[in-house]
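Have a look at the structure below, then the notes.
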Protein chains: 2
Amino acid sequence: MSSQFPKISDAEWSVMRVIWDLEEATSAEIVEALSADTDWKPRTIRTLIGRLVKKGALEYTEQGREYLYRPAIEEKLCEIEASKSFLDRVFQGRLTPFLANFADTQTCSDEEIAELKRIVEMHEERKGNQEK
Amino acid sequence: MSSQFPKISDAEWSVMRVIWDLEEATSAEIVEALSADTDWKPRTIRTLIGRLVKKGALEYTEQGREYLYRPAIEEKLCEIEASKSFLDRVFQGRLTPFLANFADTQTCSDEEIAELKRIVEMHEERKGNQEK
DNA sequence: TCCTGTAAATTACAAATGTAATCCGTGCAA
DNA sequence: TTGCACGGATTACATTTGTAATTTACAGGA
């Protein structure tokens, strides 16, 4: 009964990110927001919006003669889905080799390292709780 | 001058994984290996192999009347490319929020935690070296 | 009142992808 | 020797994706 999330394409992710950030937006606002990062024509962006509606990733209410779009799926769940599917594809679902590559070849920022520490601690704590 | 790696599709990744594991293989061997995990027809798998050759991800030498295929691109580099492109797409290139989701919702194995620790230590060491 | 600028809906079209089937050549079993 | 089974090459075909243009409908200004 797991993931029946709509499959969101690369370009569509950019649109979703904007809408998750804004919480709700007209297509003009979405176009505006994306014009900073992409050179897509407004038409293109509207196409993407339309597809996302059809996929069930966005919903809208009419506001005068335009629509006010809003996410129909939860950001975090989509991220987790995408993460799983990436890990499955490239690392057979295992986080460790992904991290190993990162450790070897990428430079982690201090912030990232702090997050890693937090995860380690959190886990250690959980484990402590569980075995006594 | 960065990533001009061939873009490897989802299904193609499965094929690449087999060949990276075996180091070299005939198509029959690839089909055999994949029949465990997928229900693709041999024809389908041969199509994928052909596309990977065309993309420059595989190369081959003739061995009697069949080909012996072998990776033409490095596994680790492909993994890193794929990791970057995933992080860009879903997390704007940032590792931290990816890890945060993981920490919150997934259960990390002991092995994974050990890897995390190793990364943290490695980084701390590097940092130490660099600032004195 | 009529024109025009926009928004949404519909249509377009090539490339990539999933998923094969058909064609062609040949070494091997009968 | 002959036909077939199997490998590679070519072709097929629907769907998804990137990237838009065209069409339709209307609200607001000239």
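Quick note on labels: first sequence line is chain A, next is B, and so on, each numbered from 1. This is a predicted model, so every value here is computed, not measured.
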Does A:Lys54 put a side-chain nitrogen or oxygen below 4.0 Å from OP1 or OP2 of C:dA9? no
For a quick test of reading the model: is some side-chain N or O of A:Thr44 closer than 4.0 Å to OP1 or OP2 of D:dA20? yes
Side chain to side chain contact (heavy atoms under 4.5 Å, CB included) between A:Asp88 and B:Trp13, worked out: CA-CA 10 Å; A:Asp88 279 351; B:Trp13 262 96; over 6 Å; no
Just to verify, which of A:Glu12, A:Met16, A:Arg70 counts as forming a side-chain contact (heavy atoms from CB on, under 4.5 Å) with A:Leu58? A:Met16
Residues A:Glu115, A:Arg118: salt bridge by 4.0 Å N-O rule: yes
Distance, rounded to the nearest Å, where B:Ile45 contributes CD1 and C:dT17 contributes C1': 16 Å
Inter-residue atom distance B:Glu29.CD - B:Leu68.CG, 0.5 Å rounding: 7.0 Å
Would you say the base of D:dG8 and the side-chain of B:Arg43 have a donor-acceptor pair closer than 3.5 Å? no
C:dT19 base / B:Arg51 side chain donor-acceptor hit below 3.5 Å: yes
Over how many whole Å does the gap from B:Glu12 atom CD to C:dA16 atom P extend? 11 Å
Of all the choices, C:dA8, D:dA9, D:dA21, which nucleotide is nearest to the side chain of A:Arg46 once you look at every atom? C:dA8
Length of the CD-P vector between B:Glu66 and C:dC28, whole Å: 11 Å
Answer yes when A:Glu111 and B:Arg94 have at least one side-chain N-carboxylate O distance shorter than 4.0 Å, and no when they do not. yes
Give the residues of residues 29-38 of chain B touching DNA chain C, defined as any heavy atom closer than 4.0 Å, sorted by residue number. none
How are the rings of B:Phe86 and A:Phe86 set relative to one another: parallel (under 30°), tilted (30 to 60°) or perpendicular (over 60°)? parallel
Side-chain donor/acceptor of B:Ser83 to backbone N/O of B:Glu79, under 3.5 Å: yes
Check this one for me: any side-chain N or O of B:Thr26 less than 4.0 Å away from OP1 or OP2 of D:dG7? no
For C:dT17, take OP1 and OP2 only and decide whether either is under 4.0 Å from a side-chain N or O of A:Lys7. no
Which of the following nucleotides, C:dG18, D:dA27, D:dG8, is nearest to the side chain of A:Arg65? D:dA27
Please report the distance, rounded to the nearest Å, between CG in B:Leu48 and P in C:dT17. 11 Å
Would one find a side-chain N or O of A:Lys41 under 4.0 angstrom from OP1 or OP2 of D:dA20? yes
May I ask you to evaluate whether A:Thr47 reaches the phosphate of D:dG18, defined as a side-chain N or O under 4.0 Å from OP1 or OP2? no
Could you tell me how far apart A:Leu52 (CG) and C:dA9 (C1') are, to the nearest whole angstrom? 16 Å
Between D:dG18 atom P and A:Trp40 atom CH2, what is the distance in whole Å? 7 Å
Is the distance from OP1 or OP2 of D:dA9 to the nearest side-chain N or O of B:Tyr67 less than 4.0 Å? yes
A:Lys117 atom NZ: more than 12 heavy-atom contacts under 6.0 Å: no
Does a nitrogen or oxygen in the side chain of B:Tyr69 sit under 4.0 Å from OP1 or OP2 of D:dG8? yes
Rounded to whole Å, CG of A:Leu58 lies from P of C:dA7 at a distance of 17 Å
Without decimals, in angstroms, what is the distance between B:Asp10 CG and D:dT17 P? 11 Å
